[in-house]
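Just so it is clear: chains get the letters A, B, ... in the order the sequence lines come, proteins before strands, and each one is counted from 1.
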Protein chains: 2
Amino acid sequence: MTATISREQQLIEAEAACLRRGAKLTPLRRQVLELILAADSPVGAYALLDRLKADRPGAAPPTVYRALDFLLENGLIHKVERLNAFIGCVETGHGHAHDHPHQFLICRRCGATVEIADSAVADAIAAAAARVGFTAVEATVEIEGVCARCGTA
Amino acid sequence: MTATISREQQLIEAEAACLRRGAKLTPLRRQVLELILAADSPVGAYALLDRLKADRPGAAPPTVYRALDFLLENGLIHKVERLNAFIGCVETGHGHAHDHPHQFLICRRCGATVEIADSAVADAIAAAAARVGFTAVEATVEIEGVCARCGTA
DNA sequence: TGCCGTCACGATATAGTATCACGCGACGCG
DNA sequence: CGCGTCGCGTGATACTATATCGTGACGGCA
């Protein structure tokens with residue numbers, strides 16, 4: 001696992017991003033982000049809540065949803081609509097916009113979900129919308145299928 | 001409103017499509033489809049349930065969800081994930097595949113949601129997935145923004 | 001004709017996801 | 001100090017979806 005080290009890195013990036021935006025990554029928010037990053041698949045709000053309760057017995061749904069809202073607003077996580085679940089989005093090395101175009105690849109076999117940022121897809125979407133007079137602001141693109149590892153196995 | 005006439009047409013198309021597939025569009029299923037087509041925006045399952053209860057006092061969540069499952073399986077409706085709501089998909093004039101690629105345009109102002117079938121978007125998605133060794137089976141594409149009418153108003 | 005499997009649906013209960021409303025304490029600022 | 005904002009605790013509630021069991025209708029088939 002390269003995970004542990006890079007995850008620390010991601011949290012540091014997240015703090016930096018919040019600083020730049022004038023937002024406060026409180027201990028609670030940071031902890032929720034940490035739980036999301038620690039999972040290797042998208043995590044549901046109530047799964048997060050359960051894990052949160054280990055440390056914070058008083059945690060309730062609003063506790064986790066407020067943290068999630070903050071993380072979403074600040075571009076630190078995304079929601080995967082098809083799964084009603086959340087996934088981390090901190091990209092070390094290059095700052096990213098608040099609302100960058102992105103797409104998800106969701107493997108039906110192993111559940112792994114990865115984010116890509118394909119500009120051809122984004123362009124095609126903007127063009128298709130424009131063609132009918134629609135001004136696209138934001139797009140949810142969630143692609144289901146079989147990932148490389150599961151496909152060859 | 002051109003709606004009423006064309007809606008009848010849509011229901012007839014739907015019955016024909018079911019016949020071709022060997023599926024049975026029972027009165028209940030037909031009624032749920034009718035309710036969905038009658039709405040001019042995507043409709044939630046419980047909104048459908050409420051309307052259904054006018055005719056069928058005994059209707060319960062499974063009643064409507066079973067009908068929705070049937071309609072989804074037979075390609076007569078789609079689910080809009082971002083709204084947890086359902087929208088009709090019968091396209092009069094040209095039969096359509098069960099699982100055809102499609103995209104939604106969701107207006108933030110008026111809530112109107114329209115389906116498009118842009119092959120450039122579909123191709124870009126398949127290509128982007130293939131580029132990372134992912135075999136795309138099905139994609140959810142939901143574009144939020146401002147529709148032509150709301151944009152000029 | 002009688003048996004039997006499948007299917008559509010009723011009915012009850014429960015699981016899973018998300019928000020509302022109220023209050024309080026900490027902090028920053030004039 | 002007075003005051004506003006913000007983060008969060010707390011309890012209740014709304015909204016979305018599924019599990020489970022039963023029953024009656026219908027079709028196939030000996």
Side-chain angles (χ1 to χ4, degrees), chain A residues 14-15 18-19 21-36 39 41-74 76-87 111 140 142, chain B residues 14-15 18-19 21-36 39 41-74 76-87 111 140 142:
Chain A
E15 306 230 49
C18 285
L19 263 183
R21 295 172 51 87
K24 283 193 288 191
L25 189 64
T26 64
L28 172 60
R29 291 164 177 173
R30 185 189 156 100
Q31 192 178 353
V32 171
L33 177 57
E34 207 166 345
L35 287 171
I36 292 173
S41 309
V43 205
Y46 280 68
L48 290 171
L49 178 54
D50 285 345
R51 290 169 208 176
L52 208 52
K53 276 181 177 163
D55 263 34
R56 299 173 183 259
T63 311
V64 63
Y65 278 102
R66 284 193 286 233
L68 289 171
D69 285 345
F70 173 88
L71 297 171
L72 285 169
E73 273 166 20
N74 288 278
L76 300 174
I77 62 172
H78 290 301
K79 179 172 185 184
V80 185
E81 299 285 347
R82 290 184 75 112
L83 307 177
N84 291 321
F86 303 85
I87 190 172
T140 297
E142 297 176 2
Chain B
E15 305 228 50
C18 285
L19 264 183
R21 293 172 52 86
K24 282 192 289 187
L25 188 64
T26 63
L28 172 61
R29 291 164 176 172
R30 187 190 155 100
Q31 191 177 354
V32 170
L33 177 56
E34 207 166 345
L35 287 171
I36 292 173
S41 308
V43 206
Y46 280 70
L48 289 171
L49 179 54
D50 285 345
R51 291 169 208 177
L52 208 53
K53 276 179 177 165
D55 262 34
R56 298 173 183 260
T63 310
V64 64
Y65 277 103
R66 285 193 284 233
L68 289 170
D69 285 346
F70 173 89
L71 296 171
L72 285 169
E73 273 166 18
N74 288 278
L76 300 175
I77 62 172
H78 291 302
K79 178 173 183 183
V80 184
E81 298 285 347
R82 288 183 77 110
L83 307 177
N84 290 321
F86 303 86
I87 190 172
T140 297
E142 297 176 1

Give the rounded distance in Å between these two atoms: CZ of B/R66 and P of C/dG10. 7 Å

Per side-chain contact (heavy atoms from CB on, under 4.5 Å), B/I77 is matched among B/L33, B/V43, B/I87 by B/L33

Please give, in whole Å, the distance from D/dA17 P to A/E81 CD? 12 Å

So, under a plain 3.5 Å distance rule, would you say the side chain of A/Y46 forms a donor-acceptor pair with the base of C/dA18? yes

For C/dA18 and A/Y65 - does any side-chain N or O of the residue sit under 4.0 Å from the phosphate oxygens OP1/OP2? yes

Compare every heavy atom of B/K53 with every heavy atom of B/A59, then report the nearest pair and how far apart it is. O-CE, 3.4 Å

Rounded to the Å, how far apart are B/R30 CZ and C/dA8 P? 17 Å

Separation of B/L35 CG from B/L52 CG (nearest 0.5 Å): 6.0 Å

Between B/K24 and B/D69, which is nearer to the 5' end of DNA chain D once each is assigned its nearest nucleotide? B/D69

Would you check if A/L68 and A/I36 make a side-chain contact, meaning some heavy-atom pair closer than 4.5 Å? yes

What are the two closest heavy atoms between A/L72 and A/F86, and how far apart are they? CD1-CE2, 4.1 Å

Gap between atoms CG and P, on A/L72 and C/dA18 respectively (whole Å): 10 Å

How close or far is atom P of D/dG7 from atom CG of A/L68, stated in whole angstroms? 15 Å

Give the rounded distance in Å between these two atoms: CG of B/L52 and P of C/dA11. 13 Å

Between D/dA25 (C1') and B/L28 (CG): distance, integer Å: 15 Å

Hey, can you pull the residues of residues 53-62 of chain B with a non-hydrogen atom under 4.0 angstrom from DNA chain D? B/P61, B/P62

Starting at CG of B/N84 and ending at P of C/dT17, how long is that distance when rounded to a whole Å? 11 Å

If you take all heavy atoms of B/P42 and B/A85, which pair is closest and at what distance? CB-CB, 3.6 Å

Closest of C/dA18, D/dG7, C/dC9 to the A/T26 side chain is D/dG7

First locate atom CG of B/L28, then atom CZ of B/R56, and finally report the distance between them rounded to the nearest 0.5 Å. 4.5 Å

Closer than 4.0 Å, any side-chain N/O of B/K79 to the OP1 or OP2 of D/dA17? yes

Closest-nucleotide 5' rank along DNA chain D - winner of B/L83 and A/T63: A/T63

Any base atoms under 4.0 Å from B/R29, or only sugar-phosphate, or nothing? Heavy atoms, all strands. sugar-phosphate

